[in-house]
Structures are given as structure tokens and as C-alpha cells.
Amino acid sequence: MSDTPFVAVEGLHFARGDKDIFRGVDLAIPRGGITAIMGPSGSGKTTLLKLVGGQLTPDAGRVLFDGRDVHRQSRKALFAMRRRMGMLFQSGALFSDLDVFENVAFPLRVHTDLPGAMVRDLVLMKLEAVGLRGARDMLPAELSGGMARRVALARAIALDPELILYDEPFVGQDPISMGVLVQLIKRLNQALGLTSVIVSHDIKETLTIADYVYVIADGQVMAHGTPQGLDVDRDPRVSQFVHGEPDGPVPFHYPAVDYFTDILSSGGGR
Amino acid sequence: MMSRVLRLGRFGCELFEALGRAGIFLAQSAVGLPSREGWYLWLRQMHFVGVLSLAIVLVSGLFIGMVLALQGYTILVDFGAEQALGQMVALSLLRELAPVVAALLFAGRAGSALTAEIGLMKATEQLSSMEMIGVDPLRRVVAPRLWAGFVALPLLTVGFSVVGIYGGYLVGVDWLGGFAGSYWGNMQASVEFVADVGNGMVKSLVFALVVTWIAVFQGYDLVPTSEGISRATTRTVVYSSLAVLGLDFVLTAVMFGGLA
């Protein structure tokens, strides 16, 4: 790993309407490793990936991809930059009018002039890597959730990106496909020399493969370190999250007026 | 009172912001139709937007022509002017009914489908993932649909007129027993190519631009939830219909009302 981070997030501020999502987030994502960004639901993890991919623009601060500011590129340069990134969406986001083969072939067809036979070989290689070579003729609607996510993964690596962003890759997976995905992400990272960023709140799975972890809450980085370091972190907020305790410094209750006064004050309304 | 003024002000700001976004959106997408693949995508959309709308447009055209002839005949015959039936049917269709009704049908049949399709692609993150693959969805998804709409509606309008005039012939001549020679002869003598056919086509081009623009923009700009999609689809049909009828008045005033 070199010293300058591959992706650097500096002083990031972002708000949606009146709600602050990020209030000064700094991250350094080194080349070649698996970095996990964790935090409770609603802490803006997906938003963070969209900011890195240039789909949203921060209110303040900047995001550097390989030393270049993502949000100061022309539309054309930004699209060129995105060819070096792959992103796995939570829903898979496969193109519903194309079959599995064409979905994986899509980036190759639009960005390269490779002859048909070579596209075929490449697509079959990517599908083989995720174990779905046999499903090439199926339509996205016919796939299970886990299969759809693996096809999306094959599509994300079709152009051999340098960076791959995973948005909640383990959500809603049964134990078997969860295990398959965990292994896949780790293996692909090693075999292709990728830099991986995983956004997730599945602590157990993520900690087994991550090299470095950032925990985000309340719009800020609450803690960061290696998985082993976080496991023994004494900060009660970190410990609550890492060990999955239902109540603690991060409250179980959404902020509300006092329960007692609320119940007694009911005057027929809500 | 103050809050009403504020609300009005906010409404005004939001309206202009939306118009601005829609304008930038149109400019960014309308330029994108290069490459061989672009042609293929455009052809595919021509099929969905144009060919598949053919049935409803032609059938409606036939009925409207037939009704026009029936209504026209019963009135004209009172004045002994039933030989002017062909002229009446052709002018009503070419100047007014074909562009307007075809555009309204197009908004309902193709516009709503465009909104729902693009909206669903947005809701299922297909547009986002396309962006992250490095493909501009404005060029890849929106531009072919936009251009297909621009081209398809004027062609559908031509079809509407032709079938409508034939429908008028069926009723006026074959059924009610008018004289075929005067039906066609009067039409030929009174319909001017530029003033009538040409102006009708200009109307149709304007409607095509407006309806398709509204449809794809509503799809692209909607809130990606099921409620958002249903609202945007409704808005497409309502806004398109109002825009078509309003613009029709303006265009008619300029073209035939002696304003120009």
C-alpha cells in the first residue's frame, strides 16, 4: 500500500433539506485493501457512496479519487473516471430488459470495440467468477436476490475497475448466499488487486473480511481502526454498535417528548 | 396574509426552478443521438412509441372522420350544401382534429408509458447504475425516447388524417349516398398544401416536442417511490393535455386567426 490514499474524503458536509447527513467526515481509503464503512441504518452510508461516485455534490469538503477532485470534473471527465470504478447497488440494479449475459456485456459493449467472440469470452469469465455461467440466458426477473447481486457483481467487474463500491452487499441474503458473497468479495479483491469499499451494517460478516473499518454515526466518524482494534474499543458508543446491543448511547427511541406527558396530553388528536 | 404571499412566492420560485431543470434536461438529452448504436436504440423506441400507438390512433381517426361526416352531412343537407362535405371533413381534420386528438391519444398511450418506464428505471436504481458504469442515461435512455416521440407523433398525425378522411368518405358517400366526385373534388379545390396541411404538421411537431418532453422529464425527475411514479404518470397526461389544448389555441390564433 502506498502512502497517499486512493480515495480521500476531506471535511465532507452534506445536508438533505434541513437534515444534516454529514458534518465534517474525513476518510482515507488505501489502495488494494478492503475498507468497511459501518454505521446504523439512516446514517447516510449509501449517500456517502453516491458522493464518492459523483452522483451527489457535497455542500462543503471534497472527495479525491486517485488525487483528483471528483466534483471538479467536467461531465465527460467524470464519466471517464467512473469507468475506473465499479459499484454494486443494494438492489443489484440490473437492466430489466436485458438478460444476464447482456447485462454483464453492457459495459464492454459501450466502452470497448472488442469483437463479439472476445466479449463472449470475457462475459463468461466474469460469470464463471461469480458461479453463474449457467444462468446466462435468464432474465433479471427470474433470478433470486442473491443471484441478482452476483450478476451485478460480475457486471461491476466487467471492465476490471480499480475501485469497487459495495452498497449493503449482505442485506436480505440467506446464510448460504451471504457466505458466498463474503468469500467472493474477498477473493475478487485479492485476485484482481482491487480496492474495495464496503458499506454495511452487518457487523459479523463485514469484520471478517475488512482490513480497516470506519464507524459513522451522527454525521461524523465515530471511530476507526482495524477490526481487532474496534472489537476491544472501550468507547461505549462503539462497543454498543460492534456488539449489537439494542440500547445504549445510541438510543432505541427516536427523539420524542416525555412518554408520560405524551400519553396524558392526548386531546383527541395525535 | 403574509403566509399566503410567502406561499405564492415559494410556488413561483419552485415553478421557475422546475422549468429551468426541465430546460437543461432537454438541452442535455436532445444533443445525444450519435453512433450506430444510438440509431438502433432510436429505432427500438420508434417501435414502442410509434408502431404500437398506430392501432389506437388509426381506429380513433377512422371514427372521428365518420362522426364528422355524419354530423356535417345532417347540417349541410339543410342548406343543400352536402357536396361541401369533403372540404369540411378534410379541413377540420388537417387543421385541427388530427394534430390535437393524435397528440392527446399519444400522451395517454405513449407519454404515460414513457414516464412510468423511466420512473421505474430510476426507482430500481438502473439509471444510477448506468451512470456508475460510465454511461450517461440522458444519452442512452432519454435521448432515443425523446427523438422517437418527436418523429413518431407527426407521422401518426398523418395517418390519423388519412384514415379520418377515408372514414368521412365511407359515411358521406357509401352510406348516406353523397356524390363521390364532389367529395374528392371539393376537397382538392379547397385544401392548400402549405396553409392547411403544412400548418397542421407544424402544430403536430410542436405538440410532439411538448408531450414527449413532459413525459420523459416527469419520468426522470420523479420521486422514486410507487406513489411518486403514479403521480408522475398522472401529471404527464394532465400537463400534456392542457399544454396541447392551450398551445393549440395560440397556434390557431397565429396561423388562421390573422394574428401573424
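Each chain gets a letter, A, B and so on, in the order its sequence line appears, and its residues count up from 1.
For A/R84, no part sits under 4.5 Å from any heavy atom of chain B, backbone or side chain. Neither the backbone nor the side chain of A/R109 has a heavy atom closer than 4.5 Å to any heavy atom of chain B. At a 4.5 Å heavy-atom cutoff, A/L78 makes no contact with chain B through either its backbone or its side chain.
Legend: residues meeting side-chain contact (heavy atoms from CB on, under 4.5 Å) with B/V158, ordered by chain and number and at least two apart, are B/V162, B/M201. Applying the side-chain contact (heavy atoms from CB on, under 4.5 Å) rule to B/V151 yields the partners B/W42, B/M46, B/L155; only residues at least two apart in sequence or on another chain are considered.
Residues of residues 209-238 of chain B lying under 4.5 angstrom from chain A, judged on non-hydrogen atoms, do not exist here. Residues of residues 100-136 of chain B having a heavy atom under 4.5 Å from any heavy atom of chain A, listed by number: B/T124, B/E125, B/Q126, B/S128, B/S129, B/M130, B/E131, B/M132, B/I133, B/G134, B/V135, B/D136.
In this structure, B/F150 places its CZ atom where more than 12 heavy-atom neighbours from other residues, nucleotides or ligands lie under 6.0 Å away.
When each of A/K50, A/R83, A/M87, A/Q55 is checked for heavy-atom pairs under 4.5 Å with chain B, A/Q55 comes out on top. If you tally non-hydrogen atom pairs under 4.5 Å between each of A/M81, A/R75, A/Q90 and chain B, the highest count goes to A/R75.
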Full working for side chain to side chain contact (heavy atoms under 4.5 Å, CB included) between A/F106 and B/R140: CA-CA 12 Å; A/F106 181 83; B/R140 172 100 196 173; 3.4 Å; yes
